[in-house]
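Quick notes on the structure that follows.
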Amino acid sequence: MALSWGRYFRESIPAKQISVGHETDLANTLSQCQLPMLPYGLGRSYGDSCLNSSGALIHSKFLNRVLSFDRQQGIIHAEAGCSLREVSELAIPSGFFLPVTPGTQFVTLGGAVANDVHGKNHHTRGCFGRHILEFRIWRSDRQEVVACSPTQNSELFQATIGGLGLTGFIVDLKLQLIKGSPWIDEEIIKFSGLKEYRQITEESDTEWEYTVSWVDCLKQSKDGPRGLFMRGKHSLSRGFEPSFVFPKSIASIPIEMPQFLLNQGSIAAFNFLYYNKQLSKMARRTVSYGPFFYPLDILEGWNKIYGKRGFFQVQFVVPTSEVEFLKDIFALIARSGDASFLAVLKDFGDLPSPGWMSFPVPGVTLALDFANKGKSTFELISRIYDLVLKAGGRVYPAKDAAMASEMFYKTYSQIDRFAKLIDPKFSSDFWRRVKK
Amino acid sequence: MVENRKNVVVFGATSKIVHESLKKMSLGDKRCHLFARNSAHLNSVARDLQSRFPESGIQEYRCDFQSSSDVEMACKTLEQLGKIDLIFLGFGSMLDENVLRDDTGIRDEFLKLNVSSVASLLMSARKTLLGQGSGTLCVITSVAGDRGRASNYLYGSTKAFTSTLLSGLWHELSGSQIKIIDVRPGITETPMTSHLKNGLLTTSASRVGAKIARSVESGRSRVVYTPGYWGLIMCIVRNLPDFVFKKLKF
């Protein structure tokens, strides 16, 4: 059984699991497979976009070789099963850094392309797809590996970025890295309400490479939640040294925790402590990239904290002008008492992605977790989605477990041209749930 | 100019565990001689190591360890290289036990690969290391060799063969500077074991590789279980009396 990160879709059991050890295996494995197929990296998608019930999951994790690394230009050519962690650990000693990284480094390159991941620097660098020079993808209808780039098989290139693994099996890709120190100069500023959040965002966006806010969803004022605004940039005074310690996990959650652990009381307590972890309004320090980008990776298997019933992550974006809708959503969440401690707010920039199905558009994005409490959780998510739709926003498929087909088609205008390029032998639980 | 860079020789370079181990070693500017059957796969491994160790000299040799002539070529190459720092052997196969039990032809080929070819290369390694009076021989066997079990005794017996050979070789060479390391991984996630169900005791090739790299670099232990807790598990398994063992179905 391969679960997704939310550990909710337990009845989704693939009929077959195929591991690809090398490109030369494709002819004996994928070509012969009669079941609908779906690539599976490290299983960090929260919902059902990485699941394929009764179909075949194609594991890419053994395809994790680096084929070349140009240390002058910062271009890495690697197999799609390489994790962002492996790429970072190779790039950093040569002065390079991932151009875009999500909140975990346990994502494969293929997964990063399929979800067109974004990070704290979306306003300066856009999505992951903007930094892909080319990739090679296996298609069942071609029975061969096809090279794609902005100028070669460009439609397949654009359909695959953000294409949720449905357009074929990515074998390898070339990624342009950025120059950057593994040390981040960080500032954390306390704010109360969305007006202050907006002010700090406008001050920060030109000067700071990375910005993101943690918000306390349980403590609301008329102006929205309080929170901590974090901004960072690569240190110019401190770089990589041979003694540099790469991030590692310090503990692991081996089994599912009992559900009573995460309740309104414990979350409110966590939020209080976290908001007040610094006494001053603003704190400055230089940190290693691990705690800045991947605070949750220190706890291996942290998703098991949500217990047997699992959890949902909801992420959406609404236009910046729709601040009243955003306040309504926050108020709804606060009233429900169902929020978690992991609520993240950020402004997206306007750098477009090449991917047709890429999620970020200019606006404000909020990502948060909800423990699965059954019907009430689904109702809450449904009401949030209604507000998102009314605000002219959209939901991130990589995290979704509940979006209706109608909403998906209304909010992703390129879906029809994307659907034409789905590999005829590829499918997923998500796609079967939402497609017309 | 005399080529005086150290040599690392790897038999079975496309094995996931072998590759993960090499990634974690300090290959630096050493010359790496990689032997494997699938040229395209071997090339990908070579490119990966070259990317990580740009100063290293990586050479690829296509070698089908089931072919006597290829194994002979590999032995000759080994004996003709300069000073060798490390000989690392990690090739082998795992087949359906029921097929191995019933099909003589398949079983003969399986034994040729996992026993006969292994013995030829280990004797060649012995000769080479004796000639230079130093160096490390590291071989990947398995916990399956510690005691025969109903579910996989043909596979296990080939690993037991290798472990006993290494034990004797260690005994023979124990007065010298030559180090012999018998690595016994537990259940590891690799393409070879992908048909097996992952359990609590399954570990990653990356973790196993890291331990192998540390063991080769320290050279302290003769037998290395990876992860380490398998040492305790197998000690118990080996010493269970027959009347208890026969009740266990695994």
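All of these numbers come straight from a predicted model, not from anything done at the bench. Chain letters run A, B, ... following the sequence lines, proteins first, then strands; residues in each count from 1.
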Exercise for the section: Check the surroundings of atom CD in E72(B): do more than 12 heavy atoms from other residues, nucleotides or ligands lie under 6.0 Å from it? Expected result: no

Handout entry: Residues of residues 225-237 of chain B with any heavy atom under 4.5 Å of a heavy atom in chain A
Key = none

Problem - Over 12 non-hydrogen atoms of neighbours within 6.0 angstrom of CZ in R37(B) - result: no

Problem - Top contributor to chain A interface from N38(B), T190(B), T14(B) [non-hydrogen pairs under 4.5 Å] - result: T190(B)

Exercise for the section: Give a yes or no on whether K16(A) atom NZ has more than 12 heavy-atom contacts from other residues, nucleotides or ligands under 6.0 Å away. Expected result: no

Problem - Positions in residues 42-71 of chain A that reach chain B, provided some heavy atom is under 4.5 Å away - result: K61(A), F62(A), N64(A), R65(A), V66(A), L67(A), S68(A), F69(A), R71(A)

Problem - Those residues of residues 42-51 of chain B, ordered by number, that approach chain A below 4.5 Å (heavy atom to heavy atom) - result: S44(B), V45(B), R47(B), D48(B), S51(B)

Completion exercise
Closest non-hydrogen contact found for G21(A) with P191(B) is CA-CG, 4.2 Å

Exercise for the section: Please state whether the side chain, the backbone, both or neither of E79(A) comes within less than 4.5 Å of a heavy atom of chain B. Expected result: side chain

Problem - Pairwise ring pair (Phe, Tyr, Trp, His ring centres under 6.0 Å) hits with a residue in residues 17-39 of chain A, at least two apart - result: H22(A)-H41(B)

Exercise for the section: Could you give me the CA-CA distance, side-chain angles and deciding distance for E89(A) and R52(B), then say whether side-chain contact (heavy atoms from CB on, under 4.5 Å) is met? Expected result: CA-CA 10 Å; E89(A) 293 189 359; R52(B) 293 171 193 280; over 6 Å; no

